[in-house]
Amino acid sequence: MGRWQPDARGRMAKAALELYSERGYEQTTVAEIARRAGLTERTFFRHYADKREVLFAGSGELEELFVRAVAEAPESAAPIDALGVGLDAVSELFEDRREYARKRQAVITANAELLERELIKLASLSAALADTLRRRGVAEPAASLAAEAGLAVFKVGFQRWVLVSEERGMAQVMRESLDELKAVTAGA
């Protein structure tokens, strides 16, 4: 290894995504990721538990941000509108990461193990959002239904936002998706 360079974690994430895109997730080893990043396998395992975690390391930050924004929404906000505040906050987090998000999503979509991991992370997010809504005074089953609906808006909006043909900002796509949900539930 050469001279020390900063941002080992970021370099490994970039190297992993490049290799997963080029060769496929299953065909890529931790040793190859570390080598491409100019690091050792030992350094890789200091930052990530396994090669899947490279793609999901930001999920805790995403959940924290979404939950905090919903919790801090105005008290008068309806549950779905509080989730809209969370969607706005999450959109800001992703705004400068579209190309990375597109590549990451392509890798995840191409691998059943990664899709399963993504669904587990999203289920955790939904549970955290429902808990936050309950703490805001929303009774069951409304809290769980609203959390699932907000998560559905996030998933559909995210899928639209990462399309190569999509040029609008994530916040706009999320708001349009939320408006569509509201129209559907209103019977419009």
Chi angles and distances behind the side-chain contact (heavy atoms from CB on, under 4.5 Å) call for Val153, Leu83: CA-CA 10 Å; Val153 169; Leu83 289 161; over 6 Å; no
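- The closest donor-acceptor contact from the side chain of Arg136 to the backbone of Val70 lies under 3.5 Å.
- Here the straight-line distance linking atom CZ of Arg52 with atom CG of Leu114 works out to 8.0 Å at 0.5 Å rounding.
- In this structure, Arg134 CZ and Thr132 OG1 are separated by 8.5 Å, a value rounded to the nearest 0.5 Å.
- Of the possible donor and acceptor atoms, one in the side chain of Ser21 sits under 3.5 Å from a partner among the backbone N and O of Leu17.
- Side-chain contact check for Glu118 versus Gln105: some heavy-atom pair is nearer than 4.5 Å.
- A donor-acceptor pair is defined here as one N or O able to donate and one able to accept, closer than 3.5 Å; such a pair exists between the side chain of Asp7 and the backbone of Gly10.
- Inter-residue side-chain proximity for Phe154 and Leu122 is flagged as met; some heavy-atom pair is nearer than 4.5 Å.
- The two residues Trp161 and Ala101 make their nearest non-hydrogen contact at CZ3-CB, 3.8 Å.
- Glu148 meets the side-chain contact (heavy atoms from CB on, under 4.5 Å) test with Ser126; sequence neighbours excluded.
- Rounding to the nearest 0.5 Å gives a distance of 9.5 Å between CZ of Arg98 and CG of Leu163.
- Salt-bridge formation is not detected for the pair Glu53/Lys51: no Lys NZ or Arg NE/NH1/NH2 atom is positioned less than 4.0 Å from an Asp or Glu carboxylate oxygen.
- Between atom NZ of residue Lys182 and atom CD1 of residue Ile80 there is a gap of 7.0 Å, rounded to the nearest 0.5 Å.
- No more than 12 heavy atoms of other residues, nucleotides or ligands lie within 6.0 Å of CG in Asp96, so this atom counts as exposed by the packing criterion.
- Here the straight-line distance linking atom CG of Leu55 with atom OH of Tyr20 works out to 5.5 Å at 0.5 Å rounding.
- Clustering ILVMFWY residues whenever any of their side-chain heavy atoms sit less than 4.5 angstrom apart, transitively, puts Leu62 in the very cluster that holds Leu133.
- Distance check: Phe66 CZ to Ser91 OG gives 8.5 Å after rounding to the nearest 0.5 Å.
- Gln27 CD: more than 12 foreign heavy atoms inside a 6.0 Å radius.
- Summarising the local packing, CD of Glu167 is surrounded by 12 or fewer heavy atoms from other residues, nucleotides or ligands at distances under 6.0 Å.
- The closest side-chain heavy-atom distance from Val54 to Phe44 is below 4.5 Å.
- Ile108 and Leu125 are not part of a single hydrophobic cluster, where members link through side-chain heavy atoms under 4.5 Å apart.
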Criterion side-chain contact (heavy atoms from CB on, under 4.5 Å) on Arg36 and Glu22, from CA distance to verdict: CA-CA 13 Å; Arg36 177 150 315 173; Glu22 293 167 13; 3.0 Å; yes
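- Contact annotation: the side chain of Leu119 never approaches that of Glu116 to less than 4.5 Å [non-hydrogen atoms, C-beta and beyond].
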Audit row: Arg160, Glu176, salt bridge (charged side-chain N to carboxylate O under 4.0 Å, His left out) steps and yes/no: CA-CA 11 Å; Arg160 290 175 59 204; Glu176 286 177 10; 3.4 Å; yes
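- You'll find the side chain of Phe158 reaches within 4.5 Å of the side chain of Met170, heavy atoms only.
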Check against side-chain hydrogen bond (donor to acceptor under 3.5 Å, both in side chains), Thr29 and Glu32: CA-CA 5 Å; Thr29 67; Glu32 292 167 328; 3.3 Å; yes
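- The cationic atom of Arg104 (NZ for Lys, CZ for Arg) lies less than 6.0 Å from the six-membered ring centre of Phe56 and within 45° of the ring axis.
- A salt bridge is defined here as a Lys NZ or Arg NE, NH1 or NH2 lying under 4.0 Å from an Asp or Glu carboxylate O, and Asp179 with Arg175 fails to meet this definition.
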Check against side-chain contact (heavy atoms from CB on, under 4.5 Å), Phe45 and Val30: CA-CA 9 Å; Phe45 287 114; Val30 168; 3.7 Å; yes
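- Transitive grouping of hydrophobic side chains (ILVMFWY, heavy atoms separated by less than 4.5 Å) brings Tyr100 and Tyr48 into a common cluster.
- Open room surrounds NZ on Lys103; 12 or fewer heavy atoms of other groups in view lie less than 6.0 Å from it.
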Step-by-step side-chain contact (heavy atoms from CB on, under 4.5 Å) determination, Met174 to Phe94: CA-CA 12 Å; Met174 288 294 171; Phe94 279 96; over 6 Å; no
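- Panel note: side chain Arg168, backbone Val173; no donor-acceptor pair is recorded below 3.5 Å.
- Remark: Glu41 does not engage Arg35 in a salt bridge, criterion side-chain N to carboxylate O under 4.0 Å.
- For the side-chain contact (heavy atoms from CB on, under 4.5 Å) test, residues two or more places apart in sequence or in another chain that qualify with Lys14 are Glu18.
- Atom CD of Glu64 is surrounded by 12 or fewer heavy atoms from other residues, nucleotides or ligands within 6.0 Å.
- The number of heavy-atom neighbours closer than 6.0 Å to CD of Gln159, taken from other residues, nucleotides and ligands shown, is above 12.
- Counting all heavy atoms, side chain and backbone alike, Val85 lies closest to Ala69 at CG1-O, 3.6 Å.
- Under the 4.5 Å side-chain heavy-atom criterion for Ile, Leu, Val, Met, Phe, Trp and Tyr, Leu129 and Leu65 are members of the same hydrophobic cluster.
- Checking Glu140 against Ser144 by side-chain atom types alone, a donor-acceptor pair falls below 3.5 Å.
- Residue Glu180 places its CD atom among 12 or fewer non-hydrogen atoms of other residues, nucleotides or ligands, all under 6.0 Å distant.
- Residues Leu19 and Val107 are members of one and the same hydrophobic cluster, defined by side-chain heavy-atom contacts under 4.5 angstrom among Ile, Leu, Val, Met, Phe, Trp and Tyr.
- Using modelled atom types, no side-chain atom of Arg23 and backbone atom of Thr28 make a donor-acceptor pair closer than 3.5 Å.
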